[in-house]
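Note that these values count all heavy atoms, side chains included, but never hydrogens, waters or copies made by symmetry.
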Amino acid sequence: MGKMNHLRKQILFLCDSLILIIFSTFFSWFSLRYDLTDAVGQCVQLIQNFALLYACTVLFQLLFRTYDSLWRYAESKEYLSLLMAAFCGFFLYEVLSRIFLQSIISFMLLTCVASLWVLGMLLLRFAYRVYRSQVLFSKGSHQIPVAIVGAGAAGVQLLDELQSNPDSRYSVQCFFDDDPGKLGKRIHGVEVKGTISQVQERLRAMDIQEIIVAIPSAGENRRHEILQKLSGLERIKISVLPSTLDMIRQKPMRSQLREVRIEDLLGREPVYLDPAPVDAYLSGKTVLVTGGGGSIGSELCRQIVKHDPKELVIVDIYENNAYDIQQELLYQYGGRLNLKVEIASIRDRGRMRQIFATYRPDVVFHAAAHKHVPLMENSPQEAIRNNVFGTLNLVRAADEFCVQKFLLISTDKAVNPTSVMGASKRLCEMILQSMKGHSGTDFVAVRFGNVLGSNGSVVPLFQRQIAAGGPITVTDKRIIRYFMTIPEAAQLVLQTGAMARKNELFVLNMGQPVKILDLAENMIRLSGYVPYRDIDIVETGLRPGEKLYEELLIASRDIEQTENSQIFIERQPAITPGELREKLEILQEALEKDDSSCIREALHRVVPTFHEPEEVNCGQGAEVRIPQQAAFR
C-alpha cells in the first residue's frame, strides 16, 4: 500500500510538470514566432524564467503537502491548499526573478501560464474523481439502489462515504428531507426528491431496494414517527444510523448502519438516569445476583459493574449461562473486577445460607425464577418450589445475614394472575411484604412487563419463524402486551434500589401497550417481506394460563409517582408473618400430595386475586380494548 501511494504521488507530480511544460512551450513558441530577432537568447531567457517559476511553485506544493492528499476524498480545503501553494509560488518567483534574472517575462505571459497551469492541475484532479466515481463504480452492478432520508450533515457525510468507496454495496439514488430549501436541489449530484411524507408516493416509480434513515439528531418520538411511516413500504429494507449519543466518533458512518429493530417502533424515549444515587448504594459494596446468567440477571450484572462494586457474586443453577456472563465480564474488566460465580439452586436453603455466610452481601438482586407460563401450568409444583419457597429461602438468608437491600424482580403477570407462574410471583411479593417491620433489610419488589429479546420473549421466536420462511404463529390476534428493552429494565431496577426504603412495591412505566399482531406484522415488514403474502400469520389458540392482556396495577390500590417519571409505587396493605405462614402451610400440604389440581386449588386459596384465564378472557368480548393506564400519562 505504501509503494502504491508513493507511485501515485510520483505520477501526479509528473502530470503537473507535463502540464507546465506544455503550456510554457506553447506560449514560448507563440511569442517567438512574432519576434525572430535574437530568438536563441529569448528562448534561453524563457527557459530560465519558466524553470524558476516551476521550482518556486513545486516548492510550495511540497510545503503545503498537496501531493499527500487523497484527491478522491478531496473537499474545498484541499483545493484551497492547491491554489494557495500556486499563489505563494508565483509570488516567490516574482521576487527572485527580479533579483537574480537579467530579463523577466511579461506579467501578461506569466499570468496566462500560471492560470492555465493551475486550471490544468484542477482539471486533472477533477477528472480523476470523475473516473473513480463513474468508471470504477459502473463496474459494481451488484450495488443496491438506496434512498437516504435526511439531507442534513449526517446524510451528506454518509453520501460522501458511499460515493468515494468503490467497494460500497450502495448506490444512492435520491434524498428525502423536510427542509423546503433543499427540495428539488442536488447534493453531490443526488436530487432531494421530496419530503419524508412523500417517500411512499415517490418511490413507487423508482427501483429502490433499501432506505437509510440518516437523522441521528432526531428525538426518539420523531424517529419513531418516521420509522412508522416507512415500515409500511413493501419489499424495501430499512436501515438507520444510531442516535447521536450512540454514534462512535471517528468511525465511518457506513460501518455504523444497522437494521431497524422492533424496539425502534415502540416509540419509547431512551432512559438516561443519574448514576449518583445508584453509585451511593452499590459502590464499594458486595452485590449478589441470583439468576445472574439469565436475560435480566446478566444485564443487571453488566450494569452493576459500572458502579464499581467491591465484589459481584453471580448465583445460577444453569452453568452455561453463568459461564458466558463470567467470561464476558472478565474479558471486559479483567483484574479490575472482583467476580465470583456460584452454581447453586435457590431451593437449597442450606446452600443459600452457606453462600450468604461466605460473601455477606450488602445488596441482593433476586432474578432467579421459572417464568414460562405454559410450562408452569403443566408443572405447578416446580413453580411453587422454585419461585415461592426459593424466594423464601433467600429472604430468610438476607434477614439472617443483615443484607441492606433485597430487590425482587417481579412481573405484570402477578397482577390479577390467571396462571400458576403469575400467582407464584404474587406470593413472592407477599413474602417480601410480610417482612415489613420485622427485619432491618429493605425488601422491595419491582414489577414490569415483557422484555424484548429475553429468553421466552416472542421476538426471538418470530425472528426464527421469519428466517424459516414462516408462518408466524400467534396464540390470539387480540393479545396485548407491554414491552421494554433489557438494558432499560435493568437500569430502572437499579434506580428503584436507590429509592427503596421499606418494603415498597415498585411498578415500572411500560409505556403504551402493543398488540402482538401489530408486532408480528412490523417484524415481517422490517425483514423486507409483505405480511400475509410472503409470510402468513396464523392463530394457534390461547395457551394454558394465558390472558388477552396484562395489567401493571392492581386497580383497587393506590399508586403514586416517584421523582422518576418512569417509576411508580403501589401501596398495598401489609401481610403479617402469621398470615404468610398459614398460606405457606397450605401450599406445602398441596406439594406433598404431588397433585396438580390440588396445587391449583391451594393457589386459589392463598392468592385471592388468582382467577382462571377463562373467567378473565371471556369478559373481554370479541375485541380487546387497549387498557389506558392513566397514572402513566
Determine whether V363 and L407 make a side-chain contact, defined as any pair of heavy atoms from C-beta on separated by less than 4.5 Å.
yes
Looking at side-chain heavy atoms only, is the closest gap between E299 and R302 below 4.5 Å?
yes
Contacts of E504 meeting salt bridge (charged side-chain N to carboxylate O under 4.0 Å, His left out) (sequence neighbours excluded), chain-then-number -> none
May I ask you to check whether E328 and Q332 show a side-chain donor-acceptor distance below 3.5 Å?
no
Over 12 foreign heavy atoms within 6.0 Å of CZ, R360:
yes
What is the distance from atom CD1 of I479 to atom CG of L517, rounded to the nearest 0.5 Å?
10.5 Å
Nearest heavy-atom neighbours spanning T441 and A398
OG1-O, 3.5 Å
Roughly how far, to the nearest 0.5 Å, is the CD1 atom of I226 from the CD1 atom of I211?
11.5 Å
For R353, give me all partners under salt bridge (charged side-chain N to carboxylate O under 4.0 Å, His left out), at least two apart in sequence or on another chain.
E400
Is there a side-chain contact between L408 and K425 in this structure, where contact means two heavy atoms from C-beta onward sitting under 4.5 Å apart?
yes
With rounding to the nearest 0.5 angstrom, report the CG to CZ distance, L591 to R385.
5.0 Å
Can you tell me which residue among I431, L427, N387 is in a side-chain contact (heavy atoms from CB on, under 4.5 Å) with L392?
I431
Has the side chain of Y281 got a donor or acceptor atom that lies under 3.5 Å from a matching backbone atom of L494?
yes
Checking T290 side chain against A368 main chain: does a donor-acceptor pair fall under 3.5 Å?
yes
Ignoring hydrogens and geometry, is there a side-chain-to-backbone donor-acceptor pair from E377 to V420 under 3.5 Å?
yes
Do any N or O atoms from the side chain of S283 and from the backbone of A280 form a donor-acceptor pair under 3.5 angstrom?
no
Just to verify, what does D279 make a side-chain contact (heavy atoms from CB on, under 4.5 Å) with, not counting sequence neighbours?
P275, H307
Testing the basics here: between S419 and V373, what is the closest heavy-atom pair and its distance to 0.1 Å?
CB-CG1, 3.6 Å
Treating N522 as the side-chain partner and D518 as the backbone partner, does any N or O pair qualify as donor plus acceptor under 3.5 Å?
yes
Any sub-3.5 Å donor-acceptor pair from K583's side-chain atoms to V606's backbone N or O?
yes
List the atom of A602, the atom of I586, and the distance in Å for their closest heavy-atom pair.
CB-CG2, 3.9 Å
Return the OG to CG distance between S295 and L300, rounded to the nearest 0.5 Å.
11.0 Å
Residues in side-chain hydrogen bond (donor to acceptor under 3.5 Å, both in side chains) contact with K285, at least two apart in sequence or another chain
Q404
Closest non-hydrogen atom pair, P361 against V403:
O-CG2, 3.5 Å
Who passes side-chain contact (heavy atoms from CB on, under 4.5 Å) against E592, sequence neighbours left out?
Q588
Donor-acceptor pair, N393 side chain versus R347 backbone, under 3.5 Å?
yes
Provide the full list of salt bridge (charged side-chain N to carboxylate O under 4.0 Å, His left out) pairs with a residue in residues 309-325, sequence neighbours left out, each pair given once.
E311-K340
Do R426 and F610 pass the side-chain contact (heavy atoms from CB on, under 4.5 Å) test, and can you show the C-alpha distance, the side-chain angles, and the key distance before you say yes or no?
CA-CA 9 Å; R426 178 69 190 111; F610 179 29; over 6 Å; no
Pairwise distance CZ(R349) to CD(Q354) - rounded to 0.5 angstrom
14.5 Å
Give me the atom names and distance for the closest heavy-atom approach of N378 to S596.
O-OG, 4.5 Å
Can you check side-chain contact (heavy atoms from CB on, under 4.5 Å) on E488 and Q491, steps first, answer last?
CA-CA 5 Å; E488 181 181 9; Q491 289 181 61; 5.5 Å; no
Could you tell me which non-hydrogen atom of I215 sits nearest to which non-hydrogen atom of G150, and how far apart they are?
CG1-CA, 3.9 Å
Kindly say whether M421 contributes a backbone atom to a donor-acceptor pair with the side chain of K371 at under 3.5 angstrom?
no
Hey, mind stepping through Q327 and Y331 against side-chain contact (heavy atoms from CB on, under 4.5 Å) and telling me if it holds?
CA-CA 6 Å; Q327 296 306 306; Y331 176 79; over 6 Å; no
Inter-residue atom distance H370.NE2 - I384.CD1, 0.5 Å rounding
11.0 Å
Which residues satisfy the side-chain hydrogen bond (donor to acceptor under 3.5 Å, both in side chains) test with T576, sequence neighbours excluded?
E579
Going by heavy atoms in the side chains, are F448 and L492 under 4.5 Å from each other?
no
Under the side-chain hydrogen bond (donor to acceptor under 3.5 Å, both in side chains) rule, collect the residues that match up with D399, sequence neighbours excluded.
S439
Test of understanding: with side-chain hydrogen bond (donor to acceptor under 3.5 Å, both in side chains), list the residues that count as partners of Q465, not counting sequence neighbours.
T473
Test side-chain contact (heavy atoms from CB on, under 4.5 Å) applied to L282 and V287, step by step
CA-CA 7 Å; L282 291 184; V287 183; 3.8 Å; yes
How about F356 and L394: do any of their side-chain heavy atoms sit closer than 4.5 Å?
yes
Contacts of type salt bridge (charged side-chain N to carboxylate O under 4.0 Å, His left out), residue R351, not counting sequence neighbours
E342
Residue set satisfying salt bridge (charged side-chain N to carboxylate O under 4.0 Å, His left out) with D442, at least two apart, ordered chain then number -> K405, K502
What do you reckon, is OH of Y323 surrounded by more than 12 foreign heavy atoms closer than 6.0 Å?
no
Between I314 and V341, is there a side-chain heavy-atom distance shorter than 4.5 Å?
yes
Does L339 reach the side chain of Y333, with side-chain heavy atoms less than 4.5 Å apart?
no
Set of residues satisfying ring-ring contact (aromatic ring centres under 6.0 Å, His included) with respect to F443, sequence neighbours excluded
F406
Are the side chains of N321 and S298 in contact, using a 4.5 Å heavy-atom criterion?
no
